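Quick notes on the structure that follows.
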Amino acid sequence: MPPKGKDKGKGKGKGKGKGKPDPAALQGVVKKLLKTYDKNCNLNNSAMAPNIRKAMQTAIEDEKVLTKFILEPLVTEKEGDLPVLFEPFIASLRQERYHYIRDLHVWDYPVNYENMASFGLFLEKDFYKLRTIEFMDCLLEPLSIRRLSKALVCCDHMTILNLDYNEFGDEGAKHLSAGLTDNVTLLSLSLCYCDLGVASGQHVGRVVSTTAVREVFLDGNNLESEGAMELIKLLVDQAEYEAFQRAEDVRLKAEEKALKAQEEKGNRYTSGTGTDVSGDEGGDKSRPESGKKKKKKKKGKKGKKKKGPPPPPAAGPWIHKLHLADNGIDSLGDGGSFVPIICMRLFKKYVSELYFVSSVPIICMRLFKKLLSHCQCLEELDLEDNLIGEVGGREIMDGLSHRMKEKMGGVKVRTTHRMTADTFNSIVKLGSGALKKKKGKKGKKKKK
């Protein structure tokens with residue numbers, strides 16, 4: 001039988017390095033990927049993406065795997081320079097079965113339907129667990145979005161989807177909504193400057209209300225007041241329901257506390273005037289009650305609880321960040337039309353005061369007021385470059401005031417300055433700080 005000390009030391013040393021990847025093996029994986037990528041580029045008359053080549057060489061030197069890839073086109077300075085193609089890179093990942101990829105960023109590259117079909121086939125393999133997918137300014141058309149949405153149905157690890165500066169319009173938003181219907185992992189969706197119209201409010205609203213999406217960035221589109229209402233109306237319904245539940249919980253606790261206090265008062269009155277069995281008036285307070293026994297606390301070593309993986313985010317109409325800057329939410333709407341009586345009846349349940357309301361934007365701003373007043377998880381609201389005016393500013397101010405009165409979490413709010421100074425300063429004061437613009441590769445202006 002071996003000595004205890006040697007056995008213990010052997011076991012300790014044996015389990016010390018268990019589970020750690022071999023740096024040489026990781027280095028070899030990236031080397032093979034770089035070699036295959038170079039080979040595929042030569043076969044397809046393509047240049048290697050400078051960012052990807054440099055990142056892979058750095059990973060080889062540091063003996064680490066590369067998880068983030070950024071694909072950008074190469075500026076051809078003279079005749080004979082080869083362009084950077086999308087196909088050789090995706091083919092290299094599939095040939096080497098490079099499952100370490102987590103983030104893919106494609107910038108300024110014209111992705112056609114064939115490219116998106118190749119990427120869709122890659123994404124449909126559960127072997128590759130991408131967390132971030134970003135196609136910025138890639139000239140994506142509705143047909144390409146339709147192919148991407150089919151692949152997103154099988155993507156069970158994606159948390160961030162960024163399709164900024166692709167003008168696929170309402171049709172593309174409809175296809176994207178269909179592909180994200182059953183998604184339970186996506187947390188952030190960015191569709192800035194995608195030429196989304198009023199109809200897209202319903203499509204994106206369905207995604208926000210039925211999935212786990214918590215952050216929505218829709219700057220630079222044309223949702224207008226009607227589209228914004230379709231986007232947030234289910235969020236408002238959920239926020240009002242939760243506010244009602246909180247109020248009911250407070251009321252029930254107050255009633256329970258009052259009933260308990262009344263019972264204790266009655267018990268004190270009975271114990272002070274009654275006589276016990278032995279004839280002593282008032283009872284012997286020093287004598288312990290027979291029904292109550294003191295339990296001895298057992299002393300022992302508390303075992304450490306193992307922390308398991310965090311639970312998946314809950315799917316439902318909750319929002320943390322909502323950015324709707326420059327979306328045409330103003331006092332006119334489409335053609336400056338006013339709401340007919342039938343439309344007023346449709347939105348009647350969203351109006352808190354039953355007096356005449358003349359236009360859609362006012363109803364829309366009252367929905368934002370309700371969202372600010374009752375949505376406890378809301379952190380950011382961006383309505384910059386929307387001419388909501390003094391009336392809309394008052395609604396935002398009242399929502400923030402109600403939120404502060406109820407001692408809910410703060411919200412960073414940004415609005416247009418085209419209102420009275422008092423209203424604008426009150427919004428800034430009631431907000432929880434300055435709202436920074438979403439970081440991106442570059443900035444663009446919406447086409448007028």
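For the numbers below, each heavy atom of this structure counts, side chains included, while hydrogens, waters and symmetry mates do not. None of these values were measured; they are calculated from a predicted model.
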- Query: Is there a donor in the side chain of Glu380 and an acceptor in the side chain of His323, or the other way round, less than 3.5 Å apart?
  - Reply: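 Their side chains do contain a donor-acceptor pair, which is all the 3.5 Å distance test asks for.
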- Thr423 side chain to Thr420 side chain, donor-acceptor N/O pair below 3.5 angstrom: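 Thr423 vs Thr420: donor-acceptor pair found between side chains.
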Counting N and O atoms only, with roles assigned by atom type, does the side chain of [X] sit under 3.5 Å from a partner on the main chain of [Y], one being a donor and the other an acceptor?
X      : Y      : result
Asn221 : Leu191 : yes
Tyr98  : Leu66  : yes
Asn166 : Leu163 : yes
Ser46  : Asn42  : no
Thr185 : Met158 : yes
Ser144 : Leu140 : no
Asp38  : Leu34  : no
Asn386 : Asn327 : yes
Asp164 : Cys192 : yes
Tyr113 : Leu143 : no

- Query: Where do Leu400 and Gly431 come nearest, in terms of heavy atoms and distance?
  - Reply: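 Shortest heavy-atom separation between Leu400 and Gly431 comes out as CD1-N, 4.3 Å.
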- Query: Minimum heavy-atom separation for Met56 to Val30, with atom names?
  - Reply: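 In this case the closest contact between Met56 and Val30 is O-CG1, 3.7 Å.
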Is any side-chain heavy atom of [Y] closer than 4.5 Å to one of [X]?
X      : Y      : value
Phe122 : Leu93  : yes
Thr67  : Ile101 : no
Gln238 : Trp318 : yes
Val413 : Glu384 : no
Leu231 : Leu324 : yes
Val111 : Val106 : yes
Arg131 : Asp103 : yes
Lys369 : Met397 : no

- Message: If I take atom CD1 from residue Ile427 and atom OG1 from residue Thr416, how far apart are they, to the nearest 0.5 angstrom?
- Response: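 Ile427 CD1 to Thr416 OG1: 10.0 Å, rounded to 0.5 Å.
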- Item | Option from Arg414, Lys321, Lys412 for which salt bridge (Lys or Arg N to Asp or Glu O under 4.0 Å) with Asp382 holds |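 Among Arg414, Lys321, Lys412, the one meeting salt bridge (Lys or Arg N to Asp or Glu O under 4.0 Å) with Asp382 is Arg414.
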- Message: Given Glu124, which partner from the list Arg147, Lys150, Arg94 fulfils the salt bridge (Lys or Arg N to Asp or Glu O under 4.0 Å) test?
- Response: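 It is Arg147; the other options fail the test.
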- Task: Using salt bridge (Lys or Arg N to Asp or Glu O under 4.0 Å) as the criterion, list what pairs up with Arg403, not counting sequence neighbours.
- Result: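 Scan of Arg403 (salt bridge (Lys or Arg N to Asp or Glu O under 4.0 Å), adjacent residues dropped) gives none.
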- Message: I'd like to know if Glu171 and Lys174 make a salt bridge, using a cut-off of under 4.0 Å between side-chain N and carboxylate O.
- Response: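 Salt bridge: no.
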Quick check on [X]: does its [atom1] atom have over 12 non-hydrogen neighbours (other residues, nucleotides or ligands) under 6.0 Å away?
X      : atom1 : result
Gln262 : CD    : no
Glu256 : CD    : no
Arg246 : CZ    : yes
Arg418 : CZ    : no

- Item | Close aromatic pair by centroid cut-off 6.0 Å: Phe127 and His99 |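 For Phe127 and His99, the ring centres are under 6.0 Å apart.
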- Query: What do you reckon, are the aromatic ring centroids of Phe89 and Phe69 less than 6.0 Å apart?
  - Reply: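 Close enough - the centres of the two rings lie under 6.0 Å apart.
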- Could you name each residue pair satisfying side chain to side chain donor-acceptor pair (under 3.5 Å) that touches residues 196-214, not counting sequence neighbours?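 Residue pairs with at least one partner in residues 196-214: Asp170-Ser200, Ser177-Arg206.
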- Message: Going by side chain to side chain donor-acceptor pair (under 3.5 Å), name the pairs with one or both residues in residues 28-37, residues two or more places apart or in two chains.
- Response: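 Every side chain to side chain donor-acceptor pair (under 3.5 Å) pair that includes a residue of residues 28-37, provided the two are not neighbours, is Thr36-Glu96.
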